[in-house]
**Q** 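The structure under discussion is supplied below as structure tokens; questions concerning it will follow.
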Amino acid sequence: MVKKPLGIMAALHDEIAGLLAVMGPDAECRRIGMRDYYVGDLYGQRCVVVLARLGKVAAAATTVTLLREFDVRAVVFAGLAGGLAQGVHIGDVVVADALVQHDLDARPLFPRFEVPLLGLSRFPTDLRMSGVLAQAAADYMVLGLSRDIDAETRDLFAIGAPMLHRGPIASGDRFVGDAGLAAALLSDLPGTLCVEMEGAAVAQICYEYGVPCAVLRTISDRADASAPVDFAAFLHRVASRYASGILQRFIENYTD
């Protein structure tokens, strides 16, 4: 029996460019709904790699396609995020244990943050899958980061000894680049480690289909006024390398 493939998603091209290079020109490409899904072998596993684009709708649509058209057995999403909690710094990595939509508010019909008719506001990630992803991130930061990212770049972004965090992540269709908004989000959702734009949608779809998922985020900024300035340079010089290195280790070690 042929094993089902893994689904690998990202919001921005730089975050999957390294994986596509490894897949090479022999990868099969299927274009569905204005997205290119690349099917091929990666580090000993059959994978489907796709650029989801930004935002919850884009992420949800892409996840559904991975599940229905490619019958993937699990989904992992990698991308950037703005740090919210104290102690979450630029260059750190967050692996989600649960995700919530911070901009979902159907009151008075349903409680704030709760997805109507599902009775849930926080969608869990798969514990074992997230554990493998966290170990991959930890190994990369010890073994791969100093090789992939030069000292000048590490100094530029003040990346000293990056840390791995595991905990809740908030998603919403808004780029958070204001310290006041970031503080309000943390007040409304205590304990949230970082904020991004796709993960909770991926987690909800995987929950509804009964498919395990994991979400990886590299902290590019502190979700304040400096975020737009830091974002593009960090994506190109740091996050693309984090994603390639961590996902390689994850794919090599994830079994089910």
Side-chain angles (χ1 to χ4, degrees), residues 1-11 15-16 19 28-42 45-79 81 94-104 106 110-111 113-134 136 166-173 196-217 243 247 250-251 253-256:
M1 183 177 179
V2 178
K3 200 172 199 178
K4 294 179 180 180
L6 283 173
I8 311 291
M9 300 172 59
E15 294 159 343
I16 58 169
L19 299 181
E28 174 193 355
C29 179
R30 289 179 58 191
R31 189 161 181 82
I32 303 172
M34 299 179 68
R35 286 163 179 74
D36 293 325
Y37 294 79
Y38 293 90
V39 184
D41 293 325
L42 272 175
Q45 298 221 47
R46 194 72 171 168
C47 294
V48 184
V49 179
V50 59
L51 177 65
R53 306 182 186 179
L54 276 72
K56 293 186 298 179
V57 172
T62 308
T63 305
V64 169
T65 302
L66 279 174
L67 299 177
R68 292 182 60 86
E69 297 292 330
F70 297 93
D71 196 23
V72 298
R73 70 184 194 271
V75 175
V76 60
F77 191 104
V94 176
V95 173
D97 63 11
L99 297 107
V100 60
Q101 298 182 52
H102 67 75
D103 56 352
L104 180 57
F110 300 91
F113 309 125
E114 183 177 300
V115 176
L117 306 182
L118 281 183
L120 288 175
S121 58
R122 293 176 182 261
F123 290 86
T125 55
D126 183 75
L127 182 62
R128 190 174 63 82
M129 190 177 179
S130 296
V132 176
L133 186 59
R166 297 184 68 175
I169 292 177
S171 308
D173 284 315
E196 38 90 313
M197 298 178 67
E198 298 85 21
V202 175
Q204 179 181 333
I205 296 299
C206 287
Y207 171 83
E208 293 186 15
Y209 278 82
V211 172
C213 74
V215 175
L216 168 77
R217 291 291 177 174
L247 290 174
F250 170 78
I251 294 167
N253 290 286
Y254 179 66
T255 58
D256 54 1

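This chain uses plain numbering: 1 for the first residue, then up along the sequence.
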**Q** Quick check: closest heavy atoms across L104 and E114, and the distance to 0.1 Å?
**A** CD2-O, 3.5 Å
**Q** Shortest non-hydrogen contact from A214 to L133?
**A** CB-CD2, 3.8 Å
**Q** Provide the closest heavy-atom pair for P212 versus Y254 in the form atom of the first, atom of the second, distance.
**A** CG-OH, 4.4 Å
**Q** Please report the closest heavy-atom contact between V72 and V48, naming both atoms and the distance.
**A** CG1-CG2, 4.2 Å
**Q** Can you tell which of I251, D126, N253 makes a side-chain contact (heavy atoms from CB on, under 4.5 Å) with V132?
**A** N253
**Q** List the steps, then state whether side-chain contact (heavy atoms from CB on, under 4.5 Å) holds for L42 with L19.
**A** CA-CA 8 Å; L42 272 175; L19 299 181; 4.1 Å; yes
**Q** For R217 and I169, which heavy atoms make the closest approach, and how far apart are they?
**A** CG-CD1, 3.9 Å
**Q** Check the pair E69, Y37 against side-chain contact (heavy atoms from CB on, under 4.5 Å), reporting the backbone distance first and the verdict last.
**A** CA-CA 10 Å; E69 297 292 330; Y37 294 79; over 6 Å; no
**Q** Just so I know, are the side chains of V64 and Y209 near enough to count as touching, which here means a heavy-atom distance under 4.5 Å?
**A** yes
**Q** In the structure I gave you, are the side-chain heavy atoms of M129 and D256 within less than 4.5 Å of one another anywhere?
**A** no
**Q** Is it the case that atom OH in Y207 sees more than 12 heavy atoms from other parts of the structure closer than 6.0 Å?
**A** no
**Q** Hey, does D97 have a side-chain heavy atom less than 4.5 Å from the side chain of P168?
**A** yes
**Q** Determine whether R46 and D41 satisfy the following criterion, salt bridge (charged side-chain N to carboxylate O under 4.0 Å, His left out), listing intermediate values before the conclusion.
**A** CA-CA 5 Å; R46 194 72 171 168; D41 293 325; 3.3 Å; yes
**Q** Can you find a heavy atom in the side chain of D36 that is under 4.5 Å from one in the side chain of R30?
**A** no
**Q** T62 and F77: side-chain contact (heavy atoms from CB on, under 4.5 Å), yes or no, with the steps?
**A** CA-CA 11 Å; T62 308; F77 191 104; over 6 Å; no
**Q** First locate atom OG1 of T65, then atom CD1 of I205, and finally report the distance between them rounded to the nearest 0.5 Å.
**A** 10.0 Å
**Q** Is there a donor-acceptor contact under 3.5 Å from the side chain of D173 to the main chain of K56?
**A** yes
**Q** Take atom CZ of R128 as the centre, draw a 6.0 Å sphere, and report whether it contains more than 12 heavy atoms from other residues, nucleotides or ligands.
**A** yes
**Q** Can you tell me how far CZ of F250 sits from CD1 of I8, rounded to the nearest 0.5 angstrom?
**A** 6.5 Å
**Q** How long is the span from the CD atom in Q204 to the CG atom in L118, to the nearest 0.5 Å?
**A** 5.5 Å
**Q** Are V215 and E198 close enough that some pair of their side-chain heavy atoms sits under 4.5 Å apart?
**A** no
**Q** Mind checking the CD-CG spacing from E15 to L51? Nearest 0.5 Å is all I need.
**A** 8.5 Å
**Q** Within this structure, what is the CZ-NE2 distance for the pair F113 and H102, rounded to the nearest 0.5 Å?
**A** 9.0 Å
**Q** Enter the distance from M9:CE to C213:SG here, rounded to the nearest 0.5 Å.
**A** 10.0 Å
**Q** Where do T125 and S130 come nearest, in terms of heavy atoms and distance?
**A** OG1-OG, 3.1 Å
**Q** Just do the side-chain contact (heavy atoms from CB on, under 4.5 Å) check on T63 and V202 with the steps written out, would you?
**A** CA-CA 6 Å; T63 305; V202 175; 3.7 Å; yes
**Q** Tell me every residue that passes salt bridge (charged side-chain N to carboxylate O under 4.0 Å, His left out) with R35, counting only those two or more places apart in sequence or in another chain.
**A** none
